[in-house]
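What follows is a single structure, written as structure tokens, with notes after it.
Numbering of residues begins at 1 and proceeds along the displayed sequence.
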Amino acid sequence: MTLTSGGGSGLPRSFDSPSNSFYAVTDDDEGAYDTITHTETGKGVKLLFSKSKVYVHPSPSSKDNIPGYIALLQQKPAVGASSSNDGSSPSAADLLLAWVPESSLGDSASIYVKVDLSEGDSPPRQSYLVPPPPTVTSHSGSVGAYSFAVPVSAVYSLLVRPPSVGWWHGSIIINTKSGDSFPALFFHDNECQSTILQKKKLTKDTFDPFSEAGKMFWGADEVLRWLRRYVKIEKSVAEPNIYLIEPTKDDLNAFGSTPTTVNKGKGAPASRDAEMDPFVKFVKETGWNIMEKFSQVTTFTRRAAQDLAENPNMPPQVKKLLKNSDVQNLQDEYDSARIYLARWAMGIAEQSERDKKQKMYTVKDVLELEDTDVGEFELLDAASSLSLEERRKPVTMTEWNKFFDPENGRLIKTTDEVKERIFHGGLDADDGVRKEAWLFLLGVYDWYSTADERKAQIASLRDAYYKLKHAWWERLDGHGGEGETGEWWREQRGRIEKDVHRTDRHVPIFFGEDTPHPDPDSPFADVGTNVHLEQLKEMLLTYNEYNKDLGYVQGMSDLLAPIYAVVQDDAIAFWAFKEFMGRMERNFLRDQSGMRAQLLALDQLVNFMDPKLYNHLQKCDSTNFFFFFRMLLVWYKREFPWADILSLWERLWTDFLSAEFHIFVALAILEKHRDVIMEHLQAFDEVLKYINELSGTMELDSTLIRAEALFRKYQRAVEAIDKKENFPGPRKSIGSASEAPKPAAAAKAKGKDAEALSKVITPELRKLLSRKVEVLPRKTVAQNGDGMPGK
């Protein structure tokens with residue numbers, strides 16, 4: 001940027017102004033305002049307002065955050081232009097709304113700090129001049145580490161999102177009249193000294209660090225207050241977080257018929273500048289009701305569900321819901337997540353009718369049945385009674401070998417003894433015991449087979465695998481064949497190709513591309529591949545051939561990768577994966593009935609174990625438990641580190657307590673974060689974001705301890721209910737009139753008994769106690785799978 005002195009002032013040139021210099025002058029020396037001017041426009045800049053610790057977040061990692069200042073600058077009008085209509089205050093064309101990173105401030109850093117910490121409600125008498133940032137009216141690419149300044153006259157609106165739980169830092173997005181939007185500027189108020197001081201002052205003066213509207217003060221309140229001094233701002237009624245800058249009548253009509261007007265000038269009353277995000281408010285107030293209405297007039301085919309957000313008949317609020325970043329991330333990862341949204345909406349009315357017809361027991365009811373004086377059920381009691389020190393050490397190869405007869409290799413322990421050890425301790429990660437033990441846990445090996453029988457079985461399975469592989473290998477010559485079947489096969493192959501190249505690439509065995517790609521038509525042909533990625537593709541294509549009823553569905557590669565990484569034998573890993581899929585098929589049905597059943601079980605379990613939490617989630621429109629969809633779909637694959645996933649899965653495969661123990665893992669996660677959810681999260685959007693951001697932060701062992709404690713409490717509660725129903729209390733003889741119950745008491749008791757009889761433990765809840773793995777009938781898979789046409 002080239003800077004000159006003098007600009008268009010007509011004053012004699014006395015000296016050249018260095019590009020990074022600044023001058024502090026009084027209003028009496030206003031002529032010196034021209035000492036810094038822009039070569040092309042002849043405009044100089046005066047710093048009116050600045051706010052520190054305003055960040056750009058160029059990536060999800062906080063390490064990449066760029067700190068800077070948001071500032072309001074006044075530039076000298078171009079030659080011959082008037083500064084304002086009345087000559088007393090700058091016009092919107094004279095003002096710049098700017099963001100300047102700290103790293104580029106240079107010598108002017110102290111001026112930005114001084115203006116930031118100034119306490120006046122109006123511009124200081126002394127004028128602070130700073131180098132002008134680059135003036136732009138549109139944004140392309142990332143802001144990066146560069147300054148930018150947008151003429152206020154070019155700003156169409158500001159999107160202001162206040163800080164809240166789920167949106168930890170409030171933000172402002174600048175939208176220009178050209179239709180462009182600049183990256184969000186995040187206010188880290190806990191780091192900004194001026195905001196901290198202003199909060200303290202409010203506390204001291206009013207004993208309340210809130211604005212007049214009763215909301216918490218934050219940095220963007222000051223930005224809007226300063227803008228109001230110079231330009232007219234209208235707050236949208238239709239979108240309460242949108243602030244229109246000097247809007248036209250058409251703008252006002254587009255954003256609501258009765259917007260709240262904020263008068264220009266010093267007399268404008270103070271008001272709350274940023275309320276609840278409109279999307280959050282919409283979800284909180286209407287939840288899925290509009291989805292229910294929409295489902296009544298729309299047929300959700302697979303393709304229609306995938307294009308839901310782009311449907312031209314979709315109400316704008318629902319479009320916004322489906323395009324929310326957190327919902328979108330889930331939808332992008334798994335096609336079935338988008339279908340689930342539609343399917344769940346369809347089932348709302350049906351489920352609500354079922355709920356009206358019956359009540360379910362809660363833990364509070366159990367306490368009443370047991371006539372205890374313990375009071376409210378406390379979830380943490382059992383969890384705190386166990387400790388990490390009480391967990392057993394992992395099963396090593398040495399210990400594993402002791403489970404079997406050294407002569408014939410047959411198991412000499414009971415299966416429950418072995419499963420209990422694995423359930424509580426897991427398997428050693430380093431000595432190779434998993435490679436053998438997983439084949440028992442998954443059902444490839446019979447628990448009481450001999451070593452010779454297992455050896456013969458391996459040879460047989462290897463032959464069967466290569467025969468299946470040969471069946472689809474022949475399709476390669478004809479690119480899958482002709483007609484509908486050929487089109488289906490090519491689609492499946494392309495989906496597998498895409499998914500494998502993004503599955504667990506951080507794991508060493510799948511890392512890198514050191515081999516030329518064998519398929520020149522692959523989208524990854526130029527990138528290359530490695531032998532293990534190709535093995536994954538071949539196993540998934542083979543499974544596609546084996547299970548023609550189901551076909552390949554996104555997420556399956558997530559289930560196969562850990563098995564192959566441990567077994568490292570494609571033929572044997574394939575059959576282990578086939579056994580795992582026996583219990584996981586229900587997760588990948590086209591109608592999502594399997595996922596809905598698990599989420600319904602979680603819904604009822606939370607209601608049973610913690611009615612208060614359940615009621616709060618109802619108020620948040622979150623009892624669809626969509627935020628657990630991904631976790632249950634691929635068994636927490638994205639929530640825990642790779643090493644923990646291997647340990648978690650082998651424990652779940654034991655079915656030691658329940659074949660549905662993964663539901664109690666979800667309950668344990670909810671219970672761990674119960675207080676935060678109930679105290680701070682008020683809407684579906686907030687709950688979804690909070691739960692999603694737990695990924696990679698949870699500790700496995702403590703989660704499993706808590707899950708087991710919750711399971712045992714649940715088990716005891718069900719047993720107490722069954723005991724009460726099977727063994728009613730003894731009848732009391734009435735020996736005299738004085739012992740006769742009072743009519744009111746009798747009526748109350750009768751009513752209580754009738755209520756108790758009307759309550760049930762649903763089949764979904766009872767199933768959680770079963771150790772039997774649910775395997776779907778082939779007819780069900782064929783009807784609801786996405787398999788080969790005309791098979």
Side-chain angles (χ1 to χ4, degrees), residues 24-27 30 33 43-52 54 69-77 81-100 111-112 114-130 132-133 135 149-160 170 172 174-175 185 187 192 194-195 197-198 201-202 211-213 215 217-236 242-247 251 259-274:
V25 297
T26 66
D27 289 344
E30 193 63 24
Y33 183 47
K43 298 177 182 179
V45 291
K46 181 194 299 184
L47 183 60
L48 301 176
F49 162 79
S50 68
K51 177 68 69 175
S52 63
V54 178
Y69 284 76
I70 190 170
L72 186 62
L73 304 167
Q74 179 184 349
Q75 57 189 351
K76 196 72 173 178
S82 173
S83 65
S84 66
N85 295 334
D86 58 12
S88 61
S89 62
S91 67
D94 300 337
L95 297 172
L96 299 173
L97 186 57
W99 179 80
V100 187
I111 295 296
Y112 276 87
K114 187 180 295 185
V115 172
D116 181 28
L117 295 176
S118 62
E119 296 182 357
D121 292 332
S122 59
R125 177 174 176 78
Q126 187 178 24
S127 297
Y128 294 101
L129 303 182
V130 294
T135 302
V150 186
V152 173
S153 59
V155 177
Y156 179 75
S157 67
L158 300 176
L159 173 60
V160 182
I172 282 182
I174 301 171
N175 303 309
L185 302 176
F187 291 73
C192 178
S194 64
T195 300
L197 291 172
Q198 285 166 312
K201 185 177 185 298
L202 286 172
S211 69
E212 291 181 10
K215 302 295 183 180
F217 173 87
W218 68 294
D221 288 340
E222 284 289 280
V223 176
L224 291 171
R225 184 173 69 83
W226 275 86
L227 282 172
R228 285 195 185 103
R229 293 184 56 84
Y230 306 105
V231 296
K232 183 179 180 179
I233 298 178
E234 298 282 2
K235 182 178 178 181
S236 168
I242 294 289
Y243 292 79
L244 304 175
I245 308 299
E246 298 200 323
D251 295 333
T260 302
T261 301
V262 180
N263 295 325
K264 177 180 175 179
K266 298 181 180 180
S271 65
R272 174 58 179 162
D273 290 325

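Separating the CD atom in Gln74 from the CG atom in Leu96 is a distance of 9.5 Å, to the nearest 0.5 Å. Note that NZ of Lys46 and CD of Gln75 are 12.5 Å apart. Values are rounded to the nearest 0.5 Å. Atom-to-atom distance recorded for Ser118:OG and Tyr128:OH is 7.5 Å, nearest 0.5 angstrom. Taken from CG in Leu227 to CD in Glu222, the straight-line distance is 11.0 Å, to the nearest 0.5 Å. Note: Leu185 CG to Lys51 NZ = 14.0 Å, rounded to the nearest 0.5 Å.
For Ser52, the side-chain contact (heavy atoms from CB on, under 4.5 Å) partners are Tyr69, Asp116, Cys192, not counting sequence neighbours.
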Evaluate side-chain contact (heavy atoms from CB on, under 4.5 Å) for Leu244 paired with Tyr156, printing each intermediate quantity in order. CA-CA 6 Å; Leu244 304 175; Tyr156 179 75; 4.1 Å; yes
Should Ile70 and Phe187 be marked as a side-chain contact (heavy atoms from CB on, under 4.5 Å) after you check the CA-CA gap, both sets of side-chain angles, and the distance that decides it? CA-CA 9 Å; Ile70 190 170; Phe187 291 73; 4.1 Å; yes
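Across every non-hydrogen atom of Ser153 and Ala93, the tightest pair is OG-CA, 3.6 Å. In terms of heavy atoms, Ala98 sits closest to Leu73 at CB-CD1, 3.9 Å. Across all non-hydrogen atoms, the minimal contact from Val115 to Phe49 is CG1-CA, 3.8 Å. Listed here is the closest heavy atom pair of Leu72 and Trp226: CD2-O, 4.1 Å. In this structure, Leu97 and Val152 approach most closely via the heavy-atom pair N-CG2, 4.1 Å. Across all non-hydrogen atoms, the minimal contact from Ser194 to Leu117 is N-CD2, 3.9 Å.
No side-chain donor-acceptor contact under 3.5 Å links Ser157 to the backbone of Ile242. Gln198 places no side-chain N or O within 3.5 Å of a backbone atom of Trp218 that could act as its donor or acceptor partner.
Considering only heavy atoms from C-beta on, Ile174 comes within 4.5 Å of Leu158 through its side chain. The closest side-chain heavy-atom distance from Leu95 to Leu48 is below 4.5 Å. Using a 4.5 Å heavy-atom threshold, the side chains of Leu129 and Leu47 count as separate.
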